[in-house]
Amino acid sequence: MTTGKFITFEGGEGGGKSTQLALLAKALEDAGIEVLTTREPGGTPGAEDIRNLLVRGTVDRWPPVAEVLLHFAARVDHVEKSILPALESGVWVLCDRFTDSTLAYQGGGHGLGLQRIQALKEDILGDFQPDLTLILDVPVEEGLARAFGRAGTEDRYERMDLGFHTRIRDTFLTIAEAEPGRCAVVDATGTVDDVQRQICAAVSHRLGADLKTAGK
Ligand code: TMP
C-alpha cells in the first residue's frame, strides 16, 4: 500500500520541467508535505549510469528497441530502490519524466508504437502508475530553441530531427486525451509564474493539497 503521492512531469524538450518541479517541491514543503525530487532516466546510482549511455553520443547510437530496454532497466532500479520506498513511508515523489516519456519518445518519436511499450510497462510495473502526470506543452520549435539555449552535453535526443519531436508532442497529447483522470496538460508557453499557478491549481484540485504559489 502506498501513502505518498506520485507526481510525474512530462513533455518534450524545453518545456521547463526542472524549474517547475523545483517550484512545486517548495510549495508542497511549505504546506508541510515531505517530498523526494528525482528524475528519469536516473534517480539511483545504477540508473544514472544507464542515463549516461542514453543521453550522450550519436543520435543513432542505439536501435530504438535497445533504448526502450535501457530506459526500463533504469526505471526498475529507480522504482524498486527509491520511488516505492519513499511512497511507502508517506513521502510525495516528484519525478522528472517516467513511462509516458518512453511511450512518447520511443513509441511515438521512434515509431515503435504504443502497444509494445504498454505491454512491457504492464509486465514490468504492473498497475503502478503516477497519481498525477503534468504534461508541460510547448510548440516544438519553441521548446527546441529553449533547450538548445542551455549549455550541456546531454543533448542526444535534442539533436534528433523535427519530425521526431513533433511525434513526441502529438503522443503526449494523445496520452493526455486517453487518460484525463491521471493527466493534466499545462500550457508551458507563459511565464514561470503563470505555469506554476496552473500546476499548483492542478495539484490542489486533483490531489487535495492546499498550496500557495509565488503570486498568491
Ligand atoms: P531530460 O532531458 O528531461 O533530463 O531527459 C533525458 C532525455 O531522455 C530526454 O531527451 C528524453 C529522453 N527519454 C526518453 O527518450 N525515454 C524515456 O523513457 C525517458 C525517461 C527519457
Between [X] and [Y]: side-chain donor-acceptor atoms closer than 3.5 Å:
{"X": "E10", "Y": "S101", "result": "yes"}
{"X": "T189", "Y": "D187", "result": "yes"}
{"X": "S82", "Y": "T44", "result": "no"}

Test side-chain contact (heavy atoms from CB on, under 4.5 Å) applied to L94 and T38, L36, V35, the passing residue: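 It is V35; the other options fail the test.
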
Positive for side-chain contact (heavy atoms from CB on, under 4.5 Å) with C183, one of T8, L132, L173, T133: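 Between C183 and the candidates, side-chain contact (heavy atoms from CB on, under 4.5 Å) is satisfied uniquely by T133.
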
Residues that [X] engages under salt bridge (Lys or Arg N to Asp or Glu O under 4.0 Å), provided they are two or more places apart:
{"X": "R116", "value": "none"}
{"X": "R61", "value": "none"}
{"X": "R167", "value": "none"}
{"X": "D155", "value": "R159"}

Side-chain contact, heavy-atom cut-off 4.5 Å: [X] with [Y]?
{"X": "L53", "Y": "W62", "answer": "yes"}
{"X": "F164", "Y": "V59", "answer": "no"}
{"X": "V192", "Y": "D194", "answer": "no"}

Hydrophobic cluster partners of L144 (side-chain heavy atoms under 4.5 Å): V140, F148, L162

Other ILVMFWY residues reachable from V138 by side-chain steps of under 4.5 Å: none

Pairs flagged by salt bridge (Lys or Arg N to Asp or Glu O under 4.0 Å) wherever [range] is involved - sequence neighbours left out:
{"range": "residues 19-28", "value": "K26-D30"}
{"range": "residues 63-77", "value": "E40-R75, E67-R156, D77-K81"}
{"range": "residues 41-54", "value": "R39-E48, R51-E154"}

Partner residues of F98 under the ring-ring contact (aromatic ring centres under 6.0 Å, His included) criterion, sequence neighbours left out: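 Here the qualifying residues are F6.
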
Non-neighbouring partners of F72 that pass ring-ring contact (aromatic ring centres under 6.0 Å, His included), sequence neighbours left out: none

Gap between atom CD1 of I117 and atom CG of D100 - 0.5 Å precision: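 Spacing of CG (D100) from CD1 (I117) equals 11.0 Å.
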
CD on E80 to CG on L84, rounded to 0.5 Å: 7.5 Å

Polar side-chain atom of H110 near backbone of A104 as donor-acceptor pair, under 3.5 Å: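 Flag not set: sc H110 to bb A104 has no pair under 3.5 Å.
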
Lys/Arg N to Asp/Glu carboxylate O, K121 vs D127, below 4.0 Å: no

Residues E158, R150: salt bridge by 4.0 Å N-O rule: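 Here E158 pairs with R150 in a salt bridge, since their nearest N and O are under 4.0 Å apart.
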
Parallel, tilted or perpendicular: rings of Y105 and F172 (30°, 60°):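 Aromatic pair F172/Y105 classed perpendicular.
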
Residues in side chain to side chain contact (heavy atoms under 4.5 Å, CB included) contact with L114, at least two apart in sequence or another chain: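 Residues passing side chain to side chain contact (heavy atoms under 4.5 Å, CB included) with L114: L103, T171.
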
For A147 against G14, the heavy-atom pair lying closest together: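 Taking every non-hydrogen atom into account, CB-N, 4.0 Å.
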
Heavy atoms from other residues, nucleotides or ligands near CD of E34 exceed 12 (cutoff 6.0 Å):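 Incorrect, the count does not exceed 12.
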
